[in-house]
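Written below as structure tokens is the structure these notes are about.
Throughout, residue positions are numbered sequentially from 1 according to the sequence presented.
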Amino acid sequence: MTSAKGVFIGQRKDRMGARLLMMLTCIRLAEDFDTAYKVNWFPQGSDAPELDQPQELFAQDWMDAHFLDAEEFDRLNSQALPIWAFQGDNSAERLIAHLNDGRSVLVEEGFEVLAFPWEDIETIRPRYQDFIHRIGFTNEIRKVMARADEKLSGQGVSAYHIRRGDILNGVPWKHTTWPAKIEPEELYEAHLDANPGKTAIMFSDQPELITRFQDRYPQVLRMSDIADVSGMTRAQGDFLELYTMSRAEQVIAPYISAFSMAAARISGRQRLVFKNVLTEQQMSEANLRVIDRVAKGPGAFLNVSEASHVYAKAAQYLAAKDQFEQAYALAKPILEENPDNAFMPVLQALNCFCLSNWKECERLAEEGLKNANLWPEDYAVLLAIRAAALGAQKKRWSASRNLARAFWVKPLRPDVVVLGSRMLYRDQVSFRLFPPADWRLQREVRRQRFPPFNNLYLVQHKALARQPCNFDLVLLDWSDLTLDQKARRLLDDRFRLERLQESFGNLTSIEHDDPSVSAAQAMLSWYLGVSSLAQTIDVMRKTSADWPENPLYHKRLATLYEADADQARAQLKMADALACDPGNPFLIFAMGKFLERKGAQDQGQNQIIQAADIDDNTPVIQGEAGQIYLRRGEKEKARPYLQKAHDLFPPFKRFANQLARAR
């Protein structure tokens with residue numbers, strides 16, 4: 001029976017761990033706010049086919065009491081608010097009033113213990129261990145849960161999670177590195193050696209690894225030592241492994257693992273990573289043993305794929321110590337086995353780059369780019385590596401073509417930013433291959449260094465002595481030329497705009513009252529809402545008058561006039577920009593997009609096609625020209641443009657799909 005008060009409604013679209021934690025959070029909230037909770041087990045867009053039969057886990061009477069059907073969910077949700085709507089409050093007053101008014105609260109948080117600002121999370125966290133028993137599991141499930149409690153609870157057991165599985169063997173996961181998910185066996189061994197004889201239990205999606213550990217450490221248990229779940233469904237087995245892991249005294253796992261994270265949350269404790277449980281010396285010694293095992297060759301691993309993934313970790317340790325010769329030597333036997341891992345040429349090309357082996361770096365990059373399994377980020381990195389190697393050989397035009405391709409597909413990728421900055425500082429960039437930008441100012445507008453190995457293959461100091469550039473200065477005017485959605489959203493991203501504005505405070509060789517600085521800051525101030533549109537137009541009108549030969553300032557003024565709904569003046573300023581450089585494909589493209597927005601569709605589309613006929617290196621321009629012909633039904637004319645766009649960036653599925661439609 002539904003309470004007169006509003007209820008907490010839990011739902012998640014993903015898998016077991018997140019759904020369980022969502023339910024525990026609902027139980028906690030219902031108890032603390034004196035109401036009921038409901039579960040929407042089948043939300044729209046859910047992606048967990050193994051959970052389509054909840055009766056495998058839950059008793060029917062419990063589901064009857066707590067599960068919502070679609071009609072009841074729609075009724076309750078019509079006046080519900082999400083839980084995060086109350087997380088900025090300083091007291092429970094508004095939440096209580098909302099519930100007392102009969103309105104419900106939607107709870108979708110699935111990986112963290114939830115606490116409001118007025119609550120103490122450390123008093124809430126331990127309670128989750130008891131909440132799990134308030135869920136109505138079937139008797140079959142409860143029997144195994146009881147065995148896990150009897151065997152593990154209160155026994156001081158350590159639980160280990162080794163993530164392998166689809167990372168080693170599945171497509172597309174095997175084709176990029178997972179440094180936050182893959183932890184070498186040597187780290188687990190170090191902790192076992194530091195706790196001799198202490199009972200432990202190990203979970204892995206690669207059972208052979210557990211067998212290997214049990215041969216060396218007889219105190220290590222596996223799930224089958226608790227109960228035989230081999231005949232159960234995947235949902236039942238996943239839950240029981242997760243629950244059993246949660247009964248351990250501590251859960252030790254990779255940095256990113258939803259499975260072990262959920263187990264720790266259910267246990268009422270924090271999940272631990274190796275830096276929490278090992279000393280620096282123990283970590284260092286374990287890492288040296290990782291390098292020693294990689295040196296034995298691929299035969300020391302489950303398969304060549306595991307050798308490749310563990311090599312990626314070993315290469316990090318070696319790179320941090322500038323030992324690129326050894327990193328290069330260790331990669332060679334793995335590459336000789338032709339590993340089915342698209343990232344290996346990326347890592348070896350980087351080793352060659354750091355060793356100044358430009359020719360081999362260029363060759364590896366060229367060959368690696370032919371692999372259809374490269375992830376988009378890795379494809380961009382390999383383009384940037386190839387660009388830097390060509391730049392070092394004074395092949396400026398070819399280097400810039402590769403850099404431009406890398407930049408327009410992933411301009412925020414740290415490796416692309418670092419290598420692009422290096423090339424700019426070393427005068428290895430041919431600006432004709434890029435749209436009009438203030439490159440003199442761009443050299444001075446820098447950003448903070450990236451954290452080491454945080455989404456970064458490179459060791460920055462090997463490529464760049466100075467801070468990297470903040471290329472958002474280029475995107476400020478040309479974000480519509482990038483395929484990357486986050487990069488395209490620059491003008492709506494206040495954090496990035498503020499960081500770009502801050503970088504103007506550190507200029508060294510350009511005065512702060514320089515017109516180029518004033519013009520860029522005026523645009524930033526307008527986008528941030530600090531300056532009015534009229535004020536910004538006044539600044540840009542003066543700048544474009546003082547620098548009439550610079551198309552960038554005319555284009556900026558056109559942008560401002562368009563924002564002011566003055567289409568006539570905007571078109572005149574776009575024409576002035578184009579008059580500065582009549583054959584510039586980027587300016588022609590910008591004029592075409594403006595005309596489309598103005599409603600002059602045919603005229604604008606013809607301009608875009610003209611830009612594509614001049615420029616053959618920018619995927620967005622080629623793709624838009626192809627799409628125009630595709631919409632017109634002229635498939636034969638669309639194909640060359642879509643093929644070029646696809647060739648420039650094969651991992652981008654939209655071009656491949658459009659090309660298929662054009663055939």
Side-chain angles (χ1 to χ4, degrees), residues 156-164 167-168 177-204 206 209-210 212-213 216-217 219-220 245 248-257 259-261 263-264 269-296 300-302 306-331 334 347 350-351 354 449-462:
V157 174
S158 293
Y160 303 104
H161 182 213
I162 302 181
R163 183 77 167 85
R164 294 290 188 271
I167 289 177
L168 299 191
T177 60
W178 299 92
K181 290 179 181 281
I182 292 278
E183 292 288 16
E185 294 167 51
E186 285 76 5
L187 292 171
Y188 298 89
E189 292 169 354
H191 192 256
L192 284 164
D193 290 339
N195 297 272
K198 183 178 176 181
T199 302
I201 186 165
M202 188 168 282
F203 301 86
S204 179
Q206 202 77 39
L209 289 179
I210 304 179
R212 187 185 293 179
F213 273 93
R216 287 191 54 197
Y217 301 96
Q219 74 270 30
V220 171
M245 184 185 290
E249 189 73 22
Q250 56 182 2
V251 176
I252 302 167
Y255 278 89
I256 296 177
S257 166
F259 186 82
S260 55
M261 190 180 294
R269 302 183 184 89
Q270 289 278 34
R271 182 197 54 147
L272 302 172
V273 295
F274 281 108
K275 73 173 186 177
N276 301 134
V277 297
L278 295 175
T279 65
E280 284 190 23
Q281 182 176 348
Q282 288 170 330
M283 293 274 289
S284 179
E285 291 172 353
N287 291 337
L288 290 174
R289 290 198 298 275
V290 172
I291 293 166
D292 289 342
R293 181 156 64 108
V294 174
K296 295 176 182 176
F301 296 87
L302 293 172
E306 191 195 27
S308 299
H309 281 283
V310 176
Y311 168 79
K313 296 287 285 192
Q316 272 193 4
Y317 310 142
L318 292 168
K321 298 180 179 180
D322 287 353
Q323 295 178 356
F324 295 101
E325 294 89 348
Q326 189 175 1
Y328 172 83
L330 292 179
I334 300 173
L347 300 184
L350 276 170
N351 289 331
C354 294
R449 288 183 172 275
F450 297 98
F453 302 113
N454 183 10
N455 199 25
L456 181 71
Y457 286 130
L458 273 167
V459 178
Q460 283 181 87
H461 70 83
K462 292 296 291 184

### Heavy-atom side-chain proximity of Glu189 to Arg216 below 4.5 angstrom
yes
#### Entry: Chi angles and distances behind the side chain to side chain contact (heavy atoms under 4.5 Å, CB included) call for Met283, Leu187
CA-CA 7 Å; Met283 293 274 289; Leu187 292 171; 3.9 Å; yes
### Query
Would you say the side chains of Gln219 and Thr199 form a donor-acceptor pair under 3.5 Å?
no
### Message
Does the plane of the ring in Phe203 sit parallel, tilted or perpendicular to the ring in Phe259? Use 30° and 60° as the thresholds.
### Response
tilted
### Ile252 vs Phe274 side-chain heavy atoms within contact, under 4.5 Å
yes
### Message
Using every non-hydrogen atom in the two residues, find where Arg164 and Pro184 come nearest and quote the distance to one decimal.
### Response
NH2-CA, 4.0 Å
### Query
Got a sec, which residues hit side-chain contact (heavy atoms from CB on, under 4.5 Å) with Gln460, two or more places apart in sequence or on another chain?
Val418, Arg449, Phe450, Leu456, Pro468
## Note on the structure
Between Ala180 and Pro254, the two heavy atoms sitting closest are O-CB, 3.4 Å
### Task
Please answer whether the main-chain N or O of Leu192 pairs with a side-chain N or O of Lys198 as donor and acceptor at a distance below 3.5 Å.
no
### Message
Ignoring hydrogens, what is the shortest heavy-atom contact between Ala307 and Ile334? Give both atom names and the distance.
### Response
O-CD1, 3.8 Å
### Message
Determine whether a donor-acceptor pair (N or O, by modelled atom type, separation under 3.5 Å) exists between the side chain of His309 and the backbone of Ile167.
### Response
yes
### Distance-minimising heavy-atom pair for Lys313 and Pro179
NZ-O, 2.9 Å
### Task
Give the minimum heavy-atom separation between Gln250 and Leu272, together with the two atoms involved.
OE1-CD1, 3.3 Å
### Query
Taking only residues two or more places apart in sequence or in another chain, which ones pass ring-ring contact (aromatic ring centres under 6.0 Å, His included) with Tyr217?
none
